[in-house]
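The block underneath contains the structure these notes are about, expressed in structure tokens.
Side chains are part of it too, since the values below use all heavy atoms of this structure and drop only hydrogens, waters and symmetry mates. One is the number of the first residue; the rest follow in order along the sequence. All values derive from a computational prediction rather than experimental measurement.
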Amino acid sequence: METVSENRCFGGVQGVYKHAAKTTGCDMTFAVYLPPQAEDGPVPVLWYLSGLTCTHENAMTKAGAQAWAAEEGLALVFPDTSPRGEGVADDEAYDLGQGAGFYVDATEDPWAPHYKLYSYISHELRELVVRNFMIDEEAHGITGHSMGGHGAITLALRNPGLYRSLSAFAPIAHPTDSDWGRKQLSAYLGDDETKWAPHDSVLLLGETGWDGDILIDTGANDQFIELLRPEALAAALAETRTPHMMRLQPGYDHSYFFVASFMEDHVRWHGERLG
């Protein structure tokens, strides 16, 4: 593991690191924030998964999460959104290929050799950060924005016990019934739609449920709200009687100004549940 940078931040350390990932078959960059409490021993951690076109850097620099994480004693992990580099497949469209891994393990060419974000985040990167940083082995929460919100919910629902707390910002909630989803799932997983269902929050809730509560914020003025399908997620949460707080925030759009505005609520939410 190579240290790219480390900076003092709210009494803790914001670092950026690079390693040769076996899962994706290429170098992967990620960021870790360690709060000042990590100087005394392992701390709980909140994973933040970013959206389309993003890298590890977007939320690290724009969301303002470190200030609240320092108060709560939470570490933060910001993974990249896809494999990158020479020899890694890409597409001219912004919503497919590099920057758009969609948190699945691709099975179709040309994506299959590298696009394994589901396994990379839930297994390889998790083991790496626990081994190399003062991070608790079990007290993990997860959140994310847009494509990352989709990733956060699906990873949590599919892996009972791996994450103890869950939230999302404007998640792509029903990708099997949205143009933000059908395009990517068919490219990465093929045309058999039965293989898409394990990556759809609405469908997963009915199959696996969630042993906890969920916080979800979406901007009422989100320019992509028709692609996000929050109404389908609200119906699934109600039908499965899943404890939740789902809020439409008046006047807010899909940008990081929206994410930053409600980041404190989400960090506090995870802090309460992770202890």
A side-chain contact here means heavy atoms from C-beta on lying under 4.5 Å apart; do [X] and [Y] qualify?
| X | Y | value |
| --- | --- | --- |
| Arg247 | Thr218 | no |
| Phe30 | His19 | yes |
| Met245 | Ile214 | no |
| Leu125 | Met28 | no |
| Tyr252 | Asp217 | no |
| Thr81 | Thr55 | no |
| Pro160 | Asp211 | no |
| Leu34 | Ile135 | yes |

More than 12 heavy atoms of other residues, nucleotides or ligands under 6.0 Å from [atom1] of [X]: is that the case?
| X | atom1 | value |
| --- | --- | --- |
| Met1 | CE | yes |
| Glu193 | CD | yes |
| Asp177 | CG | yes |
| Phe262 | CZ | yes |
| Glu226 | CD | no |
| Tyr94 | OH | yes |
| Glu6 | CD | yes |

Measure from the side-chain N and O atoms of [X] to the backbone N and O of [Y], and report whether any donor-acceptor pair falls under 3.5 Å.
| X | Y | answer |
| --- | --- | --- |
| Arg273 | Trp269 | yes |
| Trp47 | Ala152 | no |
| Thr3 | Ser5 | no |
| Glu124 | Lys22 | yes |
| Thr24 | Lys116 | no |
| Arg182 | Thr176 | yes |
| Asn132 | Leu128 | yes |

Linking I/L/V/M/F/W/Y whenever their side-chain heavy atoms sit closer than 4.5 Å, directly or via other members, would [X] and [Y] fall into one cluster?
| X | Y | answer |
| --- | --- | --- |
| Phe10 | Val77 | no |
| Tyr120 | Met147 | yes |
| Leu228 | Leu157 | yes |

Please tell me whether [X] and [Y] have a donor and an acceptor in their side chains that are separated by less than 3.5 angstrom.
| X | Y | answer |
| --- | --- | --- |
| His270 | Ser165 | yes |
| Asp253 | Gln223 | no |
| Ser119 | Asp105 | yes |
| Gln98 | Ser82 | no |
| His150 | Asp200 | no |
| Gln66 | Gln14 | yes |

Kindly state whether the ring of [X] and the ring of [Y] have centres lying under 6.0 angstrom apart.
| X | Y | result |
| --- | --- | --- |
| Tyr118 | His123 | no |
| His145 | Tyr48 | no |
| Phe133 | Tyr17 | yes |
| His199 | Phe102 | no |
| Phe224 | His254 | yes |

Go through the steps to decide whether Val45 and Asp136 satisfy the test side-chain contact (heavy atoms from CB on, under 4.5 Å), and finish with yes or no.
CA-CA 7 Å; Val45 59; Asp136 189 285; over 6 Å; no
Enter the distance from [X]:[atom1] to [Y]:[atom2] here, rounded to the nearest 0.5 Å.
| X | Y | atom1 | atom2 | value |
| --- | --- | --- | --- | --- |
| Leu155 | Leu162 | CG | CG | 7.5 Å |
| Asn159 | Thr208 | CG | OG1 | 9.5 Å |
| Asp95 | Leu227 | CG | CG | 9.5 Å |
| Ile216 | Ser167 | CD1 | OG | 8.5 Å |
| Leu49 | Ile121 | CG | CD1 | 5.0 Å |
| Met60 | Ser50 | CE | OG | 10.5 Å |

Report the C-alpha distance between Ile225 and Leu248 in whole Å, list the side-chain angles of each, state the deciding distance to 0.1 Å, and finish with yes or no for side-chain contact (heavy atoms from CB on, under 4.5 Å).
CA-CA 11 Å; Ile225 200 164; Leu248 278 177; 4.2 Å; yes
I need the single residue from Phe258, Trp68, Phe169 that forms a ring-ring contact (aromatic ring centres under 6.0 Å, His included) with His266. Which is it?
Phe169
Salt bridge present between [X] and [Y] (N-O < 4.0 angstrom):
| X | Y | value |
| --- | --- | --- |
| Glu264 | Arg268 | yes |
| Glu138 | Arg164 | yes |
| Asp179 | Lys183 | no |
| Arg229 | Glu231 | yes |

Tell me the closest heavy-atom pair linking Pro83 and Leu117, and the distance in Å.
CD-CD2, 3.4 Å
Taking all heavy atoms of Ala89 and all of Tyr115, pick out the closest pair and write down the distance.
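Heavy-atom minimum between the residues: O-OH, 2.6 Å.
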Check against side-chain contact (heavy atoms from CB on, under 4.5 Å), Met134 and Val43:
CA-CA 6 Å; Met134 278 293 185; Val43 295; 5.6 Å; no
Flag this pair as yes if the NZ/CZ of Arg126 is under 6.0 angstrom from the six-membered ring centre of Tyr163 and inside a 45 degree cone about the axis; otherwise no.
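Relative to the ring axis of Tyr163, which defines the angle, Arg126 lies inside both limits.
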